[in-house]
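A quick write-up on the structure given underneath.
Since the model is a prediction, treat every value here as computed from it, not as a measurement. Each residue takes its place number in the sequence, starting with 1.
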Amino acid sequence: EGSGNVISGNRYGIWLLSDIATGNIVHGNLIGTDPSGTGALPNTEFGIHISDEASGNTIGPDNIISGNRTNGIHITHQGTNGNHIIQNIIGTNADNAAGISNGGSGIAVVEGAADNVIGPDNVISSNAEAGISINNSNTTGNSIIGNLVGTTVDGMGALGNNTHGIHINASNNIIGGTTQEERNVISANGYFGLEIGSNINV
């Protein structure tokens with residue numbers, strides 16, 4: 001568990017690696033920005049990398065994950081399950097007034113990572129590629145609930161991701177839910193709000 005750190009200018013800002021990395025909480029940090037949270041100080045690859053069966057970790061609340069050269073958060077590999085991303089700003093400055101783009105997607109889930117939960121209450125905006133990307137046929141059971149994708153923190157202003165709001169090329173993932181709190185607001189993105197290339201529940 002940690003907070004109040006500036007984690008910038010590295011290869012990976014934070015790497016949660018292997019099945020030993022369970023139950024960790026990362027909250028209240030600036031990851032990829034300068035100490036003021038208003039300019040980029042990039043990690044040269046991912047802001048946060050979760051891989052190789054690292055499971056049951058919580059990213060949030062109150063991290064600013066912006067300005068990194070590739071994806072803000074990258075979750076990868078079969079067995080990397082049950083991680084929860086909640087109440088972060090991903091792709092903008094600390095007050096959500098302007099973009100500090102991550103060079104890839106805000107959040108990418110790939111290569112068999114399953115049953116991870118993105119949301120609620122993340123603001124995922126102004127990224128160079130998609131806000132959220134889920135890819136590969138065995139990347140299943142992930143949920144995207146209660147996020148703002150392409151907007152300011154109040155949901156009223158436009159800070160679109162450069163390509164899609166949410167891009168899915170995987171099976172059996174979930175976007176939204178049955179309650180107002182589980183709905184996502186997906187707006188102002190450069191291409192599609194939601195692009196789906198395989199089976200998904202929306």
Of all the heavy-atom pairs spanning [X] and [Y], show the shortest one and how long it is.
| X | Y | answer |
| --- | --- | --- |
| His84 | Gly119 | NE2-O, 2.7 Å |
| Ala40 | Gly67 | CB-CA, 4.0 Å |
| Glu45 | Asn68 | O-CB, 3.9 Å |
| Ala170 | Thr139 | CB-O, 3.4 Å |
| Ser51 | His77 | CB-ND1, 3.6 Å |
| Ser55 | Gly79 | OG-O, 3.0 Å |

- Describe, in one word, how the ring planes of Phe46 and His49 are oriented to each other, choosing from parallel (under 30°), tilted (30 to 60°) and perpendicular (over 60°).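 Rings of Phe46 and His49: tilted, as their planes differ by 30° to 60°.
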Check for a donor-acceptor pair, side chain of [X] on one end and backbone N or O of [Y] on the other, with a separation under 3.5 Å.
| X | Y | result |
| --- | --- | --- |
| Ser101 | Ser126 | yes |
| Asn88 | Asn122 | no |
| Asn161 | Glu129 | no |
| Asn43 | Asn10 | yes |
| Asn162 | Ala128 | yes |

Do [X] and [Y] make a side-chain contact, defined as non-hydrogen atoms from C-beta onward lying under 4.5 Å apart?
| X | Y | value |
| --- | --- | --- |
| Thr80 | Thr76 | no |
| His74 | Val110 | yes |
| Arg11 | Thr44 | yes |
| Asn57 | Val26 | no |
| Asn127 | Ser105 | no |
| Ile65 | Ile59 | yes |
| Ile85 | Asn83 | no |
| Asn173 | Ile144 | no |

Of [options], the residue whose pairing with [X] passes side-chain contact (heavy atoms from CB on, under 4.5 Å):
| X | options | answer |
| --- | --- | --- |
| Ile31 | Leu41, Asn102, Ile14 | Ile14 |
| Ile118 | Ile175, Val109, Ile145, Asn142 | Val109 |
| Ile73 | Asn116, Ile124, Ile90 | Ile90 |
| Ile166 | Ile132, Ile134, Ile107 | Ile132 |

- Task: Flag yes if Val149 and Val153 sit in one hydrophobic cluster, no otherwise; membership is Ile, Leu, Val, Met, Phe, Trp, Tyr, and two members link when side-chain heavy atoms are under 4.5 Å apart.
- Result: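 Unlinked, Val149 and Val153 end up in two clusters.
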- same_hphob_cluster(Ile186, Val123) at 4.5 Å side-chain heavy-atom cutoff: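 Looking at the clustering, Val123 is in a separate group from Ile186.
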